[in-house]
Amino acid sequence: LRAQGSWIDSFQANRLGFDLVPGDRYAILGSLASSLCSYAAIEAMHVGAGMIDLCGASPAQQLRGLREAGASVLYCSPAQLRLLVAAARGGAGHAGPALRHLLCGGGKLDAATLQAAAALWPDACIREFYGAAETSFITISDPATPPASVGRTYAGTVIEIRDAQGQRTDGPGEIWVRSPYLFLRYAEGPAGDTRWQDGFLTVGEMGQLDARGWLYLKGRRSR
């Protein structure tokens with residue numbers, strides 16, 4: 001469960017940070033049951049932009065749909081992006097020159113897929129982001145992000161890395177987040193790895209911040 005304001009705050013941060021306008025056309029490749037796709041669809045409505053739902057189409061059909069509809073903002077996962085890249089290599093073409101923002105989350109974006117996507121859409125700004133359904137955005141990348149990192153803190157977000165005793169550490173530890181975008185609670189039942197403390201939330205993921213503020217993921221606490 002999330003407050004309406006937690007959605008709107010991140011929509012506004014993206015609108016200003018990425019220069020999103022009503023003339024944009026968003027595209028999603030998966031079901032609205034996915035938090036990634038539902039977020040993109042609702043952000044499109046908030047901005048006043050168009051929204052193209054390509055769920056259920058083959059990767060080749062999705063590439064054609066992006067091109068024919070003039071999609072300018074694409075939200076997808078690394079797995080979906082790899083399928084689009086493979087379809088393009090198989091002769092399906094590219095997504096068209098209109099694409100200007102490609103936001104990729106839901107898993108680590110590997111360097112080979114990033115390079116292939118950049119070649120397919122040379123005019124698009126490709127940003128990998130890290131977050132969760134409970135937190136929304138935590139970090140976001142830019143062209144200077146090291147390949148193994150998931151970026152620096154997203155606008156309005158504070159990250160603390162804490163050790164097993166709950167103390168802040170410069171080494172690997174549990175990722176705790178404070179931001180305006182955090183959820184309220186689960187609709188049904190608790191989750192063991194999700195905990196609150198002093199306004200910070202963790203979903204049980206481990207990582208490390210380097211001296212320049214780049215976040216590196218280390219896996220789940222429960223694993």
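This one's a predicted model, so the numbers in the text were calculated from it and none came from an experiment. The residues of the chain are indexed from 1 along the displayed sequence.
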Shared-cluster residues of L182, by chain and number - hydrophobic side chains joined below 4.5 Å:
Y130, I138, V150, I159, I161, I175, V177, F183, Y186, W196, L201, L209, L215, L217
Would one find more than 12 heavy atoms of other residues, nucleotides or ligands at under 6.0 Å from atom CD of Q197?
yes
E128 and T145, any side-chain heavy atoms less than 4.5 Å apart:
no
Can you find a heavy atom in the side chain of S136 that is under 4.5 Å from one in the side chain of Y154?
no
Should side-chain heavy atoms under 4.5 Å link Ile, Leu, Val, Met, Phe, Trp and Tyr, which residues sit in the same cluster as L83?
none
Kindly write out the residues that satisfy side-chain contact (heavy atoms from CB on, under 4.5 Å) with S31, not counting sequence neighbours, or none if the list is empty.
A33, C55
For T202, is there any backbone N or O sitting under 3.5 Å from a side-chain donor or acceptor partner on E174?
no
Evaluate the side-chain proximity of R100 to D24: yes if any heavy-atom separation is below 4.5 Å, no if none is.
yes
Please examine the side chains of L84 and L120, heavy atoms only from C-beta on, and report whether any two atoms are closer than 4.5 Å.
no
Considering residues at least two apart in sequence or located in another chain, which fulfil the side-chain hydrogen bond (donor to acceptor under 3.5 Å, both in side chains) criterion with R25?
none
Just by modelled atom types, is the G204 backbone N or O under 3.5 Å from a matching donor or acceptor in the R195 side chain?
no
Would the distance check show the side chain of R220 and the main-chain N or O of V203 forming a donor-acceptor pair, the cut-off being under 3.5 Å?
yes
Please enumerate all residues that pass side-chain hydrogen bond (donor to acceptor under 3.5 Å, both in side chains) together with E43, with sequence neighbours excluded.
N14, Y26, Y39, Y75
Under 3.5 Å: donor-acceptor pair, side chain of Q208, backbone of G173
no
When Ile, Leu, Val, Met, Phe, Trp and Tyr are grouped by side-chain heavy atoms lying under 4.5 Å apart, directly or through other members, which residues fall in the same group as F200?
V158, W176
Q62 (side chain) donor-acceptor with L54 (main chain) under 3.5 angstrom:
yes
Is the CG atom of D142 crowded by more than 12 outside heavy atoms at less than 6.0 Å?
yes
Mind checking whether L102 and I28 sit in one hydrophobic cluster, side chains of I, L, V, M, F, W, Y counted as touching below 4.5 Å?
no
Is R185 atom CZ crowded by more than 12 heavy atoms from other residues, nucleotides or ligands, each under 6.0 Å away?
no
Is the side chain of S6 donor-acceptor paired with the backbone N or O of A3 at a distance under 3.5 Å, no angle test?
yes
Verify the distance criterion only: is there a donor paired with an acceptor across the side chains of R64 and Q61 at less than 3.5 Å?
no
With heavy-atom distances below 4.5 Å as the criterion, would you say the side chains of F137 and T157 are in contact?
no
Check: V73 and L20 side chains under 4.5 Å, non-hydrogen atoms:
yes
Ignoring hydrogens and geometry, is there a side-chain-to-backbone donor-acceptor pair from D9 to Q12 under 3.5 Å?
no
